[in-house]
Amino acid sequence: MTDRSIDGPPPEFGIKALTMVVAPASDHAGGLDLQGLTDHLSREIGLPIDLIRCENYGEAIEALASGAAALGWLGPHAYVKAARDGHVEPFAVGMPAGGASPNYQSLFVVRDDSKITTLAEVRNHRIAVGDPHSTSGYIVPRRELADIGIRIESESDFAEIIQASNHDDALRMVVDGAVDLAPVSSVNFDENLRSGIIKPGRLRVIHRSPDIPGAPLVYAAALAPDLKRRIKDTVLRAHEHMEIGGYGGALERYVDPAEARAKLLAAYIRPQWTWRTYLAIGALIGVIWLVAVDLEVDPMALMQSAGSYFADIIGRMMPPDFSDLPALLLAMLETVEIALLGTVLAISLSIPVALCAARNTAPNYAVYLVARVITVFFRAIPEFILAMILVIAIGFGAMPGVLALGFHTMGFLAKFYADAAEDVDFGPIDALNSMGAPRMQVVAFAIVPQIVAPFIGYNLYILDRNIRMATMLGIVGAGGIGYELQAAFRMFEYQRVSAIIILIFATIFVIDMISSRIRARFQ
Amino acid sequence: MSAAAPETQAGHSRWVLRVNDAKKTFEDGTPALKDVSLEVRPGEFVVVLGPSGAGKTTLLRSIIGLERLTAGEVWLDGARVETANLAETRRKVGMIFQGFNLIDNLSALNNVLSGLLDTRGNLATLFYIFKRSDKLSALQCLDQVGLLDKAYQAAGKLSGGQRQRVGVARALIRQPRVLLADEPVASLDPMIAFTVLSLIKEICAKQNIAVICNLHQVDLALRFADRIVGLSDGRVLLDEKPDAINEDYIRRIYAGHGQGMYFGAGGGPADDTIHFDTLAPGPLP
Ligand SMILES: Nc1ncnc2c1ncn2[C@@H]1O[C@H](COP(=O)(O)OP(=O)(O)OP(=O)(O)O)[C@@H](O)[C@H]1O
Ligand SMILES: [Mg+2]
């Protein structure tokens, strides 16, 4: 066999015959059929090819490594091992008929009447395992079992471990009751069902491994480059001339390994958005459209006539009338004061409520529930309504405004704080608890520092919104610039209205500048 | 490309990355890099060792322009790195982070695809929609790091080792000339750390990608580095093949950092800092 070198003499590459070794994945032609292909190859390259089914995977690797065999099919694991060692090179991968991917899986099968339903239950049963180089009969199942703490090679984890000579053998042992389960290749399993060797419903699959890439046909690395090229070309075009077979029976064709790899990966492509997403988006648009129709909102009409409306209004508001500025400023100040006091009230009320309304700080569940109800209640009643009720109860002035704002926004703040407290990192809390820190100290040390930044942020936001809302409250008689605004509207003094609006805008703007300064401090 | 860089010395193409007399002083006056010069060849795996605060992170950040050097220059793939060509520079670089820096709520696949965003800034990618060919190369990178079957798992639900492998795949999909890894295995257990570094080394050697990897583990450095650069107090103390490195060298790099006895020559750590405890042992009054 040593004359198989590159510089050997003719005829045809200086070799008189080739040997192809096949790993024992199946024991019948339907499961692993390479005879047709080798006959065709033999005719095309003008050399007889000996097809040898090996007893085990090691023998096949050894034959290719030593030069005793020129061609082979090894299964994935033995192939990777032989390729790592530089003995073999892949040249063709079989594509299953029907355009399926060449990927397959390792299946754990049991008899249909078996009590075993999950992988975890296989412990202490009888198992048939494949050759130690068999990918789906040994390597992959070993990893799958190891993941749940069972060792496939351990006599103490199984009642009995029997070595099957191939996947068909292992399947037979399960059917006959010689073992309780066996890990086998999905290719052989499907083929046995297809060809009727195993009756449907006789066996049950309890576990399926992740995909295993289909193994290539290989040639010995030492083969002459010319010969390699001819073998590869012939095999890749074999489907044009004949029905071809390989691992798993009939194949569509053999393809270049690079192409097979692309196909293998392509089997993993999923669309980013499914039809469900598109359906949901469509439905949403539909609903919005129906609502707009129902409300008789007509954006086109609005856009067409908006120009004239606005020109009219703005014309009447211009120029702003600042003649009564000191009085307006005083009223504005009163509004700011109402908002400030309301916010302070909200903050002081919300802290204890929030601590009771966060699951991790509430003393017990009943308190938690009550606190949550309080926050929802005050958020649910608009401050406008609160203020009206309070005006009736305690009369006109700033007081009802402060109370209305304070209670309403207390509901908001308490919810914000409680949510922030629930979202904190629990690591520091565990650390303090582990050292026995008292409950309130845990809150002060491990929770408060984590939520100061959002705390400051929320408070400033609430202040900002309270100034705007305080303006509105003036309208129901709760004092401040809102009262002036309403009066101006009533008297049709639109120029005064615009002056007040500008004043409000300027105030909010200044407050906004101040609060972003403060916020930056606490980031 | 090389013609566009006339100032480079002859034979520059041997280096894919070159740092010349780099100095970096932070705005607050901290001198992080005092004088660092370094050359890395394509496919070379360079480990930077050095005590905490030596300037390792600053060095990596300066290479891709996340920090501006106070003085000195960086050459990458024949071009000088400057503000004007930062985008181009970064296109040639992949980065791996100590904290993985994955987007937890996205799938492993989309995390890997995010490595392509600098050249895929279109409307579709705003909705996480990528070309089929991009998805294929992302799957290929995941396959290379052995995570093909986790492609659609949310990154946050992967183990630490798996997450860093996604990090590696995200760097690889960029087909970088240079891979920068800042303590890529600092938060992984020793076995997983070994696996992750093996993967990086194997893939980068195969694809001729230069690697600069900051490490704190001397044993891993000796095992994986083609060259070890010892950085201490902002200066390169040594730049050698690992087989030239002995305990003395390591002691020099970590001098005064209590890590001098890493090789376990017996006794406790060689700690020559004076603690007040040594002056007055026992409980405080
Ligand atoms: N943004 C910054 N501003 C000011 N000083 C900084 C900044 N970043 C880093 N430094 C300082 O620069 C020096 C070098 O820091 P660098 O992060 O590069 O060290 P390192 O070698 O990566 O350390 P480690 O091993 O702990 O990660 C340190 O003294 C650090 O405090
Ligand atoms: Mg660092």
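Quick note on labels: first sequence line is chain A, next is B, and so on, each numbered from 1.
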At a 4.5 Å cut-off on heavy atoms, which part of A:Arg270 comes close to chain B: side chain, backbone, both, or neither?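 Its backbone and side chain both get close to chain B.
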Are more than 12 heavy atoms, taken from residues, nucleotides or ligands other than [X], located less than 6.0 Å from that residue's [atom1] atom?
X        : atom1 : answer
A:Lys228 : NZ    : yes
B:Asn122 : CG    : yes
B:Tyr152 : OH    : yes
B:Phe97  : CZ    : yes
B:Gln207 : CD    : yes

Could you give the distance from CD (A:Gln272) to OG1 (B:Thr125), rounded to the nearest 0.5 Å? 11.0 Å
Identify the two heavy atoms, one from B:Arg132 and one from A:Ala266, that lie closest to each other, and give their separation to 0.1 Å.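 The answer is NH2-CB, 3.3 Å.
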Kindly give the heavy-atom pair with the smallest separation between A:Tyr278 and B:Ile129, and that separation in Å.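 That would be OH-CD1, 4.4 Å.
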Let me know which of B:Leu136, B:Asp143, B:Leu148, B:Leu142 forms a side-chain contact (heavy atoms from CB on, under 4.5 Å) with A:Tyr268.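 Going through the options one by one, the only one that passes is B:Leu148.
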Part of B:Phe127 lying under 4.5 Å from any heavy atom of chain A: both
